[in-house]
Number of protein chains: 2
Amino acid sequence: MQEDDASEAGRKWRGVSRPQRDAARRHRLLEAGVELFGTQGYAATTVQGLCRQAGVSSRSFYECFSGREEVLETIYLEATRGIERRVMALDIAAGDTAYEIIRRGVQAGVGPMLEDERLGLVLEIEAVGVSPELETRRRQMIAGIARAMDAMMLELIRRGLVPESPPGLIGLVAVGGMTEALVAHLNTPSAVRMPVPEFVDELARVITRMAGG
Amino acid sequence: MQEDDASEAGRKWRGVSRPQRDAARRHRLLEAGVELFGTQGYAATTVQGLCRQAGVSSRSFYECFSGREEVLETIYLEATRGIERRVMALDIAAGDTAYEIIRRGVQAGVGPMLEDERLGLVLEIEAVGVSPELETRRRQMIAGIARAMDAMMLELIRRGLVPESPPGLIGLVAVGGMTEALVAHLNTPSAVRMPVPEFVDELARVITRMAGG
DNA sequence: AATTCTTGAAAATCTGCATTTCCAATGTAA
DNA sequence: TTACATTGGAAATGCAGATTTTCAAGAATT
């Protein structure tokens with residue numbers, strides 16, 4: 001019983017404080033999650049596998065997460081929030097064409113998953129249908145992105161870059177279409193894959209057409 | 001040892017022959033799969049649950065299927081093959097507009113899942129990321145439907161119903177977009193859901209626009 | 001009626017993994 | 001150096017569900 005006084009959590013261990021060590025372990029576990037979920041799949045990944053991959057003991061694991069599922073949820077949430085932020089942060093410079101604007105949006109949306117395909121598979125395949133909770137969040141996230149898309153479309157209309165048209169399902173169809181194309185791309189042997197910039201071009205082209213541009 | 005002679009499998013039981021009884025059990029198990037996978041989700045469904053729902057003993061279960069996964073695979077395969085058949089069978093009557101043709105295609109593609117939403121959830125959510133095998137089949141199926149879509153687009157171009165355009169990702173984006181919209185639709189409380197025919201109209205409209213019509 | 005199928009239900013086993021405990025190694029404070 | 005904190009790894013435990021086996025009752029054949 002000597003933890004109540006001074007130093008609190010300030011004592012260092014191998015140079016780093018307790019919260020720093022915790023954060024590092026947590027980070028390694030999340031990275032392990034991306035690696036294993038993204039290669040073996042969620043179903044085939046065990047807690048022990050995550051621990052081995054991350055170099056963390058199962059005891060420490062349960063100090064960070066309540067279980068496998070929470071690791072996946074955390075990965076999903078952090079990654080998609082980052083993507084959402086990037087999409088929201090797009091500044092639609094005046095003077096651009098509809099295609100240019102949409103292409104930047106597409107790049108922001110699928111870019112991170114093209115750069116790290118493990119992440120793409122985790123977010124678009126492994127995270128599907130895992131639990132009602134995650135499913136709810138996924139649905140909210142998709143709806144949010146679809147709304148952002150619709151907003152972008154309205155902005156394009158306002159600027160006269162595309163003709164007026166009833167709102168409807170465009171945002172949703174665009175999001176679903178992008179992810180389907182993305183997954184197909186990731187599942188294509190890299191030898192015969194379309195180059196990434198070209199892929200994004202093509203995707204932007206289809207969506208622009210859908211918007212009426 | 002008296003099974004080698006006459007009657008073979010011809011002996012009746014409660015009026016039906018062995019193969020008929022087997023088929024009936026199999027059918028009940030598949031129906032139970034649609035019900036439970038579609039309501040509780042695949043992850044939450046056990047073999048015993050399927051047996052109880054179907055009124056089949058676990059012994060008989062293992063005479064029909066190797067396990068839970070095979071039930072899901074079978075449901076997926078049979079349902080999607082049916083849909084694929086319907087899509088392929090569409091006769092593109094001359095004189096129709098691009099929109100009318102596409103609407104029939106959309107109806108064929110998503111109709112069955114709108115009629116039975118459990119089926120929609122099973123095919124589009126629960127079947128995702130379950131196993132590498134099923135994932136492969138899913139991918140093939142999606143690619144097949146995308147190709148059929150692309151073929152339809154080419155046909156529309158040939159008839160001058162839509163302007164010429166490079167092939168590319170349209171089929172894939174259309175398939176992904178439809179399924180995303182479908183899932184969003186199914187997850188909308190039925191009280192505030194758009195009426196089905198209107199939903200299909202809208203979907204067909206978006207896809208027609210994507211095709212350049 | 002006697003005998004032999006067939007079957008659903010229940011019970012017994014088996015298995016894999018989650019979760020907890022234990023332990024030895026290593027680092028830190030005094 | 002001694003006492004203590006922290007941690008990874010191995011071992012112990014517990015459990016939920018899969019798979020197999022057993023059982024009793026109904027149904028068909030003779």
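Labels below follow one simple rule: chain letters A, B, ... track the order of the sequence lines, proteins then strands, and each chain is numbered from 1.
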Please report, rounded to the nearest Å, how far the [atom2] atom of [N] is from the [atom1] atom of [X].
| X | N | atom1 | atom2 | value |
| --- | --- | --- | --- | --- |
| A/R52 | D/dA10 | CZ | C1' | 12 Å |
| B/Y62 | D/dT21 | OH | P | 13 Å |
| A/L72 | C/dA18 | CG | C1' | 17 Å |
| B/Q53 | C/dG8 | CD | C1' | 16 Å |
| A/E69 | C/dC17 | CD | P | 17 Å |
| A/L50 | D/dG9 | CG | P | 14 Å |
| A/L36 | C/dC17 | CG | C1' | 15 Å |
| B/F65 | D/dT20 | CZ | P | 16 Å |

Can a side chain N or O of [X] be found less than 4.0 Å away from OP1 or OP2 on [N]?
| X | N | result |
| --- | --- | --- |
| B/S60 | C/dG8 | yes |
| A/R25 | D/dT7 | yes |
| A/R21 | D/dT7 | yes |

**Report entry** Residues B/D22, B/R25: salt bridge by 4.0 Å N-O rule
**Finding:** yes
**Report entry** N-O pairing of B/R26 and B/E78 below 4.0 Å
**Finding:** yes
Query - Sidechain-backbone polar pair: A/E180 side chain, B/V173 backbone, donor-acceptor under 3.5 Å - result: no
Query raised in the report: Atom CZ in A/R193, atom CG in A/L186: separation rounded to 0.5 Å?
Result: 5.5 Å
Query raised in the report: Taking atom CZ of A/F37 and atom CZ of A/R68, what is their separation to the nearest 0.5 Å?
Result: 6.5 Å
Requested in this report: Could you check B/S58 against B/D22 and say which one's nearest nucleotide on DNA chain C is further toward the 5' end?
Outcome: B/D22
Query raised in the report: For A/R68, which contact category applies under a 4.0 Å heavy-atom criterion: base, sugar-phosphate, or nothing?
Result: sugar-phosphate
Report summary line: Judged by nearest nucleotide, the residue sitting upstream toward the 5' end of DNA chain D, A/Q48 or A/S57, is A/S57
Report summary line: Regarding the side chain of A/R59, the nearest nucleotide among C/dC22, C/dA10, C/dT19 is C/dC22
